[in-house]
Structures are given as C-alpha cells and as structure tokens.
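One-based numbering, in listed order, for ligands and for the atoms of each. Side chains included, hydrogens not; waters and symmetry mates left out as well; all remaining heavy atoms used. Bear in mind that the values here come from a model prediction, so they are computed numbers and not experimental data.
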Amino acid sequence: MTETSFIHRFEPATSAGSPPLLLLHGTGGDENDLLGLGKMISPGAALLSPRGRVLEHGMPRFFRRLAEGVFDEDDVRRRARELSEFVVEARKQYGLAAPVAVGFSNGANIAAALLLLKPDVLAGAILLRAMVPLSDPPTADLAGKPVLLLSGQADPIVPAGNSERLAARLTQAGASVTHRVLPAGHQLSQADVTLARGWIANVEARAA
Ligand code: MLT
C-alpha cells in the first residue's frame, strides 16, 4: 500500500453475506481495540481495523484536536481523505465490499466525517458517542445509507444538542438514521452492543 496506508489488522470473513466492518478506535486506542466488539456485533464478518495516524501525547487518534471537542477541521478533512484512500486500497487488496464503519468516540467522529466528505466510501455506519465533526461540511448525498447513532444521556464529552445536530445533518443528507440515547456516559455499555447487533442484522436482512 502507499503512503496513505495505515497500520492495521485484517480478519477475513468466516461466513458469507455480512458487510465488512471498518473498526475505528477512540483516542489512545489501536487496531486491536475493537476487534472483539466487531465480532460481537457481526459474527463472521470481515474486520478491517486501522490505527489512527495522529498522536496526541503518544495516544493514537484519527485527526488533530485543539481541545476536547474542539477539532482542527483542516486536519479532519485531510485525515478523512487519507482514510478513504486506505479503505479503497484495502478493499482491492482484500477483495472487500464497501464496509460499514463501527466507530467509537474519536473513531465515530472520523466515521461521521467520512460520511459527509466521502459518501461513497462507506455502506453505512454505527457511530458510538459521535459529535458533529465539521462546522460547515459540503452537501453530501447519503441517500438511504443506514446509520445508527448511539449517544450517552450522561456523556460529559458530547452534549445532547451536538449529537442531535449530527443526526439532523445526516438525515438532511438523505441517510436513514436511527438515533438512540442510552442511559450511559461516554463509555460503551451492554446496550450499545445489543442495539448495534440487532441493527446490523436488520441491515443485512434488507440487503439480502
Ligand atoms: C474527539 O476528539 O474526537 C472527541 O473529543 C472524542 C475523543 O475524546 O476522542
């Protein structure tokens, strides 16, 4: 792969019919973090799990931020472009269909940026504790793309109004958005896994 490549893990599918998952970790995570979650959400699906290329005090992320929840939007755009190039290359290398992103926190934010900036790259997305990644994104055509947004009612990082704005923005772009607010904080809960698993089974059934 080229210089846009990412350190990553790839696990091939062990059963046919499920879309590959693009696993995008949170700040300080790596390519190993979400493999277990991916297997719980969609057993048998191929898993493509890159490590974010930005370091914040040694902690990998997918784009630079100026402060918690305050993003370097030029970097968001640049990194979303790099990640989209990686997905295109990895699809060729591993023979994959368009993936559904499963992103947590910073990983969910870059997944949301990918949807808005490169709408053809993802088949859909599960956004866990996501925020609006760009104040002024281009008009994307996400016609019918399925998106599950799971927010935490007591999330100290993502204000309720912010995730509502993200849901509205994606809906306005034509995505088929399911937004659920869970009795949780920023961390994931069992309800996230259960809802994500049910949602993806539904997406697969509709695609079959
Ligand atoms: C971000 O920087 O993407 C958000 O603040 C979430 C996080 O803490 O990574």
Side-chain angles (χ1 to χ4, degrees), residues 6-9 21-38 48-84 86-87 99-118 121-122 125-138 140 147-170 175 177 179-189 191-193 195-196:
F6 286 62
I7 294 169
H8 65 279
R9 291 273 305 264
L21 301 184
L22 174 69
L23 303 173
L24 301 166
H25 62 78
T27 303
D30 68 20
E31 65 278 16
N32 299 305
D33 267 30
L34 299 187
L35 293 172
L37 179 69
L48 179 63
S49 187
R51 183 193 302 178
R53 283 158 51 109
V54 170
L55 286 181
E56 183 183 271
H57 308 300
M59 294 186 294
R61 290 174 49 83
F62 286 95
F63 58 82
R64 280 188 68 226
R65 65 179 164 182
L66 308 173
E68 193 167 274
V70 185
F71 305 147
D72 174 341
E73 295 201 10
D74 287 342
D75 200 58
V76 174
R77 288 170 193 272
R78 172 179 159 207
R79 302 294 176 176
R81 195 171 57 241
E82 284 180 3
L83 186 58
S84 73
F86 166 73
V87 171
V100 170
V102 178
F104 167 62
S105 190
N106 180 248
N109 297 341
I110 195 74
L114 265 185
L115 285 170
L116 293 167
L117 295 170
K118 298 278 176 191
V121 167
L122 298 177
I126 298 176
L127 306 175
L128 305 165
R129 311 297 183 270
M131 303 177 68
V132 173
L134 292 162
S135 47
D136 190 20
V147 176
L148 175 65
L149 175 58
L150 297 179
S151 305
Q153 193 181 20
D155 189 332
I157 297 175
V158 185
N162 190 304
S163 53
E164 278 156 24
R165 274 211 312 286
L166 177 59
R169 169 87 61 177
L170 294 169
V177 178
H179 184 197
R180 296 280 303 271
V181 181
L182 308 179
H186 197 65
Q187 292 313 310
L188 298 182
S189 65
D192 288 277
V193 179
L195 287 167

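Here's the thing with T27: one of its N/O atoms is less than 3.5 angstrom from an N/O atom of ligand 1. Any N or O atom pair closer than 3.5 Å counts here, and E68 shares no such pair with ligand 1.
Side-chain contact between R51 and H25: present, with at least one pair of heavy atoms (C-beta onward) separated by less than 4.5 Å.
Cation-pi geometry between R78 and F63 is not satisfied (NZ or CZ under 6.0 Å from the ring centre, within 45° of the ring normal).
Looking only at protein heavy atoms, the nearest one to atom 5 (O) of ligand 1 is R65 NH1, 3.2 Å. At the top of the distance list for atom 3 (O) of ligand 1, counting protein heavy atoms only, stands N109 ND2, 2.8 Å.
Of all heavy-atom pairs spanning E164 and H179, the tightest one is N-CE1, 4.1 Å. In this structure, P138 and L117 approach most closely via the heavy-atom pair CD-CD2, 3.5 Å. Annotation for M131 and N109: closest pair N-OD1, 2.7 Å, computed over non-hydrogen atoms.
Each of the atoms 6 (C), 7 (C), 8 (O), 9 (O) of ligand 1 lies under 4.0 Å from some heavy atom of S105. Contact atoms of ligand 1 toward F63: 3 (O) (distance under 4.0 Å to a heavy atom of the residue).
Side chains of T27 and R61: a donor on one and an acceptor on the other come within 3.5 Å.
Of the heavy atoms in R129, none comes closer than 4.0 Å to ligand 1.
Contact analysis puts F71 in contact with ligand 1, with a non-hydrogen atom separation below 4.0 angstrom. Proximity of G26 to ligand 1 is not established, as no heavy-atom distance is less than 4.0 Å.
The neighbour count for R64 CZ, taken as heavy atoms of other residues, nucleotides or ligands under 6.0 Å away, does not exceed 12.
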